Amino acid sequence: MITLFLLLPLLSIALSVGFADAGWTLSDSSSKRKMPFSLGAFILYSYAALCGQLAVSVAFFSYLPLAYATLVWAIGFYYDWRRSNDVTRNVFAWNDPLILIGILAAMLFAWQLTSTVSFWHWLIAIALLVMLPYTGQKINKHPLFLWKASFCFLVVVFFVIETPQFADVLYVVTVFYIAFVLEGEREACFGTSGALLLGSMAAIWAISTHSLTLQFACLGVSMFFAYIPLARPPSGIGVLRWIGELGISKHE
């Protein structure tokens, strides 16, 4: 675990530099600054490292969810790569074969996770695997919006699950802090790959609880955030403005 901690900052920098050198960058919505979309790859590596440690004891960290999350990230990476080469192209096209492959994979993966429970669990699992990544992409319009939503979800997770080991909590917090700094300083971004990955990981966790109440709650919150207008950052008075600007670097 100590080795994993030491590798995190080095890996985040290496991925950021590598993506930038390869031209895998996207423009910031506010400053038009080019940023590597490396944070999704960083989160995926961090998740894979924990799967190697906890695969036997925790269902969320088993290798099947990791394989599915990797597939979702790869689909998002393709859209990021395509947009980095042609900014006029749409992020999603529902008749794109990759989207159909992703939906089919979600159906099969949901069946695998819910094969021992009811048909309704399967339907809700499919809805979560489709809706939460879609919501992640929708709210990933401004710096740190997706990060703040993911962090709030993570806080809820820590209240719901059994008390985790301190080292695991510290590892997850470190991963999120590195992502917070890199995106806040506009040194890297999540892109579509990171947004879809975080959404799929949230869905996988919700499904792994086998609690229909919690799954309906996640689905309801997801639909709310997917369809509220987020054309611009929160500019209201007081706490909304502070939350919207928290962590975002002011220099260009």
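We count residues from 1, following the sequence as given. Note that this is a predicted model, so its numbers are computed, not measured.
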Going by the angle between their ring planes, with limits at 30° and 60°, are Phe60 and Tyr47 parallel, tilted or perpendicular?
tilted
Let me check something: do Trp120 and Leu108 share a hydrophobic cluster, defined by ILVMFWY side-chain heavy atoms less than 4.5 Å apart, either directly or through other members?
no
Atom OH of Tyr177: over 12 foreign heavy atoms under 6.0 Å
no
Spatial distance of atom CD1 (Ile139) from atom NZ (Lys148) [nearest 0.5 Å]:
11.5 Å
Look at the rings of Phe77 and Phe19 and say which category their plane angle falls in: under 30° parallel, 30 to 60° tilted, over 60° perpendicular.
perpendicular
Do Val169 and Leu4 land in one hydrophobic cluster if side-chain heavy atoms of ILVMFWY residues count as linked below 4.5 Å?
yes
Is Trp24 reaching over with its side chain to a backbone N or O of Phe37, donor-acceptor style, under 3.5 angstrom?
no
Is the centre of the Phe153 ring less than 6.0 Å from the centre of the Trp205 ring?
yes
Looking at Tyr45, I want to see if its OH is surrounded by more than 12 non-hydrogen atoms of other residues, nucleotides or ligands under 6.0 Å.
yes
Closest non-hydrogen atoms of Ala206 and Cys218, given as atom of the first, atom of the second and distance, are CB-SG, 4.1 Å
Contact summary for Thr25 and Ala20, nearest pair of heavy atoms
CG2-CA, 4.0 Å
Using side-chain heavy atoms (C-beta onward) and a distance below 4.5 Å, is Tyr134 in contact with Met131?
yes
If you count heavy atoms of other groups shown closer than 6.0 angstrom to CE of Met223, is the number above 12?
no
I'd like to know whether Phe190 forms a side chain to side chain contact (heavy atoms under 4.5 Å, CB included) with Ile43, so could you lay out the CA-CA distance, the side-chain angles of the two residues, the decisive distance to 0.1 Å, and finally the verdict.
CA-CA 9 Å; Phe190 284 102; Ile43 296 295; 4.1 Å; yes
dist Thr209:OG1 -> Leu214:CG (nearest 0.5 Å) comes out at 4.5 Å
So NE2 of His121 and CG of Leu212: to nearest 0.5 Å the spacing works out to 3.5 Å
Of Phe119, Trp122, Phe109, the residue whose pairing with Thr114 passes side chain to side chain contact (heavy atoms under 4.5 Å, CB included):
Trp122
Report, one line per pair, each donor and acceptor closer than 3.5 Å where one atom sits in a side chain of residues 8-17; sequence neighbours left out.
residue : atom : partner : partner atom : Å
Ser12   : OG   : Leu8    : O            : 3.4
Ser12   : OG   : Pro9    : O            : 2.7
Ser16   : OG   : Glu187  : O            : 3.2

For a quick test of your reading: what N or O donor-acceptor pairs under 3.5 Å do the side chains of residues 66-75 make, sequence neighbours left out?
residue : atom : partner : partner atom : Å
Thr70   : OG1  : Leu66   : O            : 2.8

Is there a side-chain contact between Leu182 and Phe42, using heavy atoms and a 4.5 Å cut-off?
no
Side chain to side chain contact (heavy atoms under 4.5 Å, CB included) between Gln165 and Asp168: does it pass, once the steps are laid out?
CA-CA 5 Å; Gln165 295 185 4; Asp168 296 334; 3.7 Å; yes
What's the separation between atom CD in Gln112 and atom CE in Met107, rounded to the nearest 0.5 Å?
14.5 Å
Ala195 versus Leu146, closest heavy-atom pair with distance
CA-CD2, 3.5 Å
Less than 4.5 Å apart, any side-chain heavy atom of Phe216 and any of Thr213?
no
Nearest-0.5 Å distance that lies between atom OG in Ser200 and atom CG in Leu129
8.0 Å
Are side-chain heavy atoms of Lys34 and Leu26 found at a separation under 4.5 Å?
no
If you compare all heavy atoms of Leu198 against all heavy atoms of Ser150, which two are closest, and at what distance to 0.1 Å?
CD1-OG, 3.5 Å
Carefully, step by step, assess Tyr171 and Ser46 under the rule side chain to side chain contact (heavy atoms under 4.5 Å, CB included).
CA-CA 9 Å; Tyr171 178 84; Ser46 304; 3.6 Å; yes
Of the non-hydrogen atoms in His210 and Leu113, which two are nearest, and what is the gap between them?
CE1-O, 3.6 Å
Check whether Asn140 reaches the backbone of Phe145 with its side chain - one donor and one acceptor, N or O, closer than 3.5 Å.
no
Do Ile161 and Leu170 share a hydrophobic cluster, counting only Ile, Leu, Val, Met, Phe, Trp and Tyr and linking them when any side-chain heavy atoms are less than 4.5 Å apart?
yes
Point-to-point distance, once rounded to the nearest 0.5 Å, from CD1 of Ile99 to CG of Leu104:
13.0 Å
Under a single-linkage definition using a 4.5 Å side-chain heavy-atom cutoff for Ile, Leu, Val, Met, Phe, Trp and Tyr, are Phe61 and Val160 assigned to the same hydrophobic cluster?
yes
Shortest non-hydrogen contact from Ala110 toward Ala125:
CB-CB, 3.6 Å
Counting distance only, does the side-chain N/O of Thr192 pair as donor-acceptor with the main-chain N or O of Tyr79 below 3.5 Å?
no
Hey, mind stepping through Leu98 and Tyr78 against side chain to side chain contact (heavy atoms under 4.5 Å, CB included) and telling me if it holds?
CA-CA 9 Å; Leu98 270 183; Tyr78 166 75; 3.1 Å; yes
